[in-house]
A.B. asks: 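My questions will all concern the structure given below.
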Amino acid sequence: MRRHPCRGEAGGPVTGPSRKGAPTRSPSPKGAAVGRGIGIGLMYGLWKPRVLGSWRVPAAGPVILAVNHSHNIDGPMLMGTAPRPVHFLIKKEAFIGPLDPFLLSIGQLKVDRTTTDRAAVTDALGVLRGGGVLGIFPEGSRGEGDFASLRTGLAYFAVRTGAPIVPVAVLGSTERRGRLIGALPPLRSRIDVVFGDAFDAGDGSGRRTRQAMDDATLRIQKRLTAHLGNARRLTGRRAGLE
């Protein structure tokens, strides 16, 4: 099978399994459900999330949540506010010490951004083929959170599996620094999580060529950027003050 390069959560190159029909591994759905419960307790206990449009996430079947990424709490915030358990692609550098077994136990996916990480792709495809929810930061790494630069990994997973994409905007995580812990938003401050309409990334042809992936990435970027603008208007948060 021809390889189709894509990018991991932190921008590292990943490709699909090399053998056609190779079995996929799926992280534990029960673990992700436990992670969601922990996320609900922590996120609602420490901050005041305002969740808008969560009904737009399909109640069943595979779906990809494409999230802007400007702060380290964006992932946990989505885990605690999404209506379904989420398996996130997370850079392997986060899996240090006790966090390694913990993150794996709650169904999160480790991706090596420095090499061709076939295991990460296999795990992600397994999540979607099993009807689960895959969380991706399509910008590759933490930055401005404005979807200005997208990697091709999101298009690869969406086109290959046919899973719809739901854009998600997390706003308010970088607006101010907390007094007690400067690296975190102020405790009990409001953070907005806005879900957009689900859409298909492919053009209906089923093609997985490099050009098809590039075209899909452009379509995705347009939809994600539009959603972010709508989310800012809806919540009253201006660019640069999220």
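Position 1 is the first residue of the sequence; numbering continues from there. Note that the structure is a prediction, hence the values are computed from the model and not measured.
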A.B. asks: What are the two closest heavy atoms between Tyr44 and Gly80, and how far apart are they?
C.D. replies: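 In terms of heavy atoms, the two residues are closest at CE1-O, 3.4 Å.
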A.B. asks: Would you check if Arg84 and Val63 make a side-chain contact, meaning some heavy-atom pair closer than 4.5 Å?
C.D. replies: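 Yes, side chains in contact.
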A.B. asks: Are Ile73 and Pro185 close enough that some pair of their side-chain heavy atoms sits under 4.5 Å apart?
C.D. replies: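 Counting from C-beta outward, Ile73 and Pro185 do come under 4.5 Å.
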A.B. asks: Ala158 and Ile165: which non-hydrogen atoms are nearest, and at how many Å?
C.D. replies: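 That closest heavy-atom pairing would be CB-CD1, 3.8 Å.
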A.B. asks: Excluding sequence neighbours, so at least two apart, what forms side chain to side chain contact (heavy atoms under 4.5 Å, CB included) with Pro76?
C.D. replies: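 Side chain to side chain contact (heavy atoms under 4.5 Å, CB included) check on Pro76 returns Met43.
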A.B. asks: Can you sort out the partners of Ala198 under side chain to side chain contact (heavy atoms under 4.5 Å, CB included), two or more places apart, ordered by chain and number?
C.D. replies: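 Per chain and number, Ala198 pairs via side chain to side chain contact (heavy atoms under 4.5 Å, CB included) with Pro164, Val166.
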A.B. asks: Please report the shortest heavy-atom distance between Asp200 and Gly162, naming the atom on each side.
C.D. replies: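 Nearest heavy atoms, Asp200 then Gly162: OD1-O, 4.3 Å.
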A.B. asks: Within the structure provided, determine whether Ile90 and Val111 are in side-chain contact (heavy-atom separation under 4.5 Å).
C.D. replies: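 In short, these two side chains do not touch, never coming nearer than 4.5 Å.
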A.B. asks: Mind checking what makes side-chain hydrogen bond (donor to acceptor under 3.5 Å, both in side chains) contact with Asp203, not counting sequence neighbours?
C.D. replies: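 Partners of Asp203 by the side-chain hydrogen bond (donor to acceptor under 3.5 Å, both in side chains) criterion, ordered by chain and then number, come out as Ser205, Arg207.
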A.B. asks: Between Ser189 and Pro186, is there a donor-acceptor pair closer than 3.5 Å when you use the side chain of the first and the backbone of the second?
C.D. replies: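 Looks like yes, one N/O pair under 3.5 Å.
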A.B. asks: For a side chain to side chain contact (heavy atoms under 4.5 Å, CB included) with Met77, tell me which candidate from Ile191, Val67, Leu42 qualifies.
C.D. replies: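 Running side chain to side chain contact (heavy atoms under 4.5 Å, CB included) over Ile191, Val67, Leu42 with Met77 returns exactly one hit, Ile191.
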A.B. asks: About how many Å separate OG1 of Thr225 and CD1 of Ile220, when rounded to the nearest 0.5 Å?
C.D. replies: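 Separation between the atoms: 11.5 Å.
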A.B. asks: Kindly indicate whether the side chain of Leu171, heavy atoms from C-beta on, has any atom under 4.5 Å from the side chain of Leu228.
C.D. replies: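 Yes; the side chains approach each other to less than 4.5 Å.
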A.B. asks: Please, which pairs that meet side-chain hydrogen bond (donor to acceptor under 3.5 Å, both in side chains) have at least one residue in residues 95-109, sequence neighbours excluded?
C.D. replies: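 Matches after skipping sequence neighbours: Asp100-Lys110.
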A.B. asks: Go through the steps for Arg160 and Arg129 under the test side chain to side chain contact (heavy atoms under 4.5 Å, CB included), then give the verdict.
C.D. replies: CA-CA 10 Å; Arg160 175 159 181 172; Arg129 287 169 175 162; 3.3 Å; yes
A.B. asks: According to salt bridge (charged side-chain N to carboxylate O under 4.0 Å, His left out), does anything in residues 45-60 pair up with another residue at least two apart or in another chain? List the pairs.
C.D. replies: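 Residue pairs passing salt bridge (charged side-chain N to carboxylate O under 4.0 Å, His left out), neighbours aside: Arg50-Asp192, Arg56-Asp197.
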A.B. asks: Do the non-hydrogen side-chain atoms of Leu89 and Phe157 ever get within less than 4.5 Å of each other?
C.D. replies: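 Result yes, sub-4.5 Å side-chain heavy-atom pair found.
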A.B. asks: Could you check whether any side-chain heavy atom of Asp215 comes within less than 4.5 Å of a side-chain heavy atom of Thr217, counting everything from C-beta outward?
C.D. replies: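 No; the side chains remain at least 4.5 Å from each other.
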A.B. asks: Identify the heavy atoms of Ala163 and Leu128 that sit nearest to each other, and give their distance.
C.D. replies: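 That closest heavy-atom pairing would be CB-CD2, 4.1 Å.
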A.B. asks: For Pro27 versus Gly107, what's the shortest heavy-atom pair and its separation?
C.D. replies: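 Heavy-atom minimum between the residues: CB-O, 3.7 Å.
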A.B. asks: Other members of the hydrophobic cluster containing Val194, with the 4.5 Å side-chain heavy-atom rule, please.
C.D. replies: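 Hydrophobic cluster check, Val194: joined to Leu52, Leu234.
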A.B. asks: So do Val193 and Val168 actually touch side chain to side chain, heavy atoms under 4.5 Å?
C.D. replies: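 Yes, at least one pair of side-chain atoms sits under 4.5 Å.
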A.B. asks: Measure the spacing between CG of Leu104 and CG of Leu109 and express it to the nearest 0.5 Å.
C.D. replies: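 Between Leu104 CG and Leu109 CG, I get 8.5 Å after rounding to 0.5 Å.
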A.B. asks: Within this structure, what is the CZ-NE2 distance for the pair Phe199 and His227, rounded to the nearest 0.5 Å?
C.D. replies: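 One finds 10.0 Å between CZ of Phe199 and NE2 of His227.
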A.B. asks: Is it possible for you to say whether Met213 and Leu218 belong to one hydrophobic cluster, with membership spreading through side-chain heavy-atom contacts below 4.5 Å?
C.D. replies: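 In one cluster with Met213: Leu218, no.
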A.B. asks: Side chains of His87 and Val133, heavy atoms from C-beta outward: is any pair under 4.5 Å?
C.D. replies: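 Heavy-atom side-chain distance check fails, nothing below 4.5 Å.
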A.B. asks: Is there a side chain to side chain contact (heavy atoms under 4.5 Å, CB included) between Lys91 and Asp112 once you walk through the steps?
C.D. replies: CA-CA 6 Å; Lys91 61 184 179 181; Asp112 187 344; over 6 Å; no
A.B. asks: Checking Arg188 side chain against Trp47 main chain: does a donor-acceptor pair fall under 3.5 Å?
C.D. replies: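 The answer is yes, because a donor-acceptor pair under 3.5 Å joins these two groups.
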A.B. asks: What residues form a side-chain hydrogen bond (donor to acceptor under 3.5 Å, both in side chains) with Arg233, not counting sequence neighbours?
C.D. replies: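 Arg233 satisfies side-chain hydrogen bond (donor to acceptor under 3.5 Å, both in side chains) with Asn230 once adjacent residues are dropped.
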A.B. asks: Donor-acceptor pair, distance only, cut-off 3.5 Å: does the side chain of Asp74 make one with the backbone of His71?
C.D. replies: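 Yes; at least one donor-acceptor contact below 3.5 Å.
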A.B. asks: Residues two or more places apart in sequence or in another chain: which of them pass side chain to side chain contact (heavy atoms under 4.5 Å, CB included) with Ala216?
C.D. replies: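 By the side chain to side chain contact (heavy atoms under 4.5 Å, CB included) rule, Ala216 matches Ala155, Val159, Arg219.
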A.B. asks: Mind checking side chain to side chain contact (heavy atoms under 4.5 Å, CB included) for Ala82 and listing every partner two or more places apart, or none if nothing turns up?
C.D. replies: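 Result, side chain to side chain contact (heavy atoms under 4.5 Å, CB included) vs Ala82: Leu65, Leu78, Val86, Phe195.
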A.B. asks: Taking the ring of Phe88 and the ring of Phe137, is the distance between their centroids below 6.0 Å?
C.D. replies: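 Ring-ring flag for Phe137/Phe88: true, centres closer than 6.0 Å.
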A.B. asks: How far does CG of Asp214 sit from OG1 of Thr209, to the nearest 0.5 angstrom?
C.D. replies: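 Answer rounded to 0.5 Å: 8.5 Å.
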A.B. asks: Which heavy atom of Leu224 sits nearest to which heavy atom of Pro138, and what is that distance?
C.D. replies: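 Taking every non-hydrogen atom into account, CD1-CG, 3.9 Å.
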A.B. asks: Going through the distances and angles, do Ile136 and Leu134 end up as a side chain to side chain contact (heavy atoms under 4.5 Å, CB included)?
C.D. replies: CA-CA 7 Å; Ile136 294 181; Leu134 180 66; 3.8 Å; yes
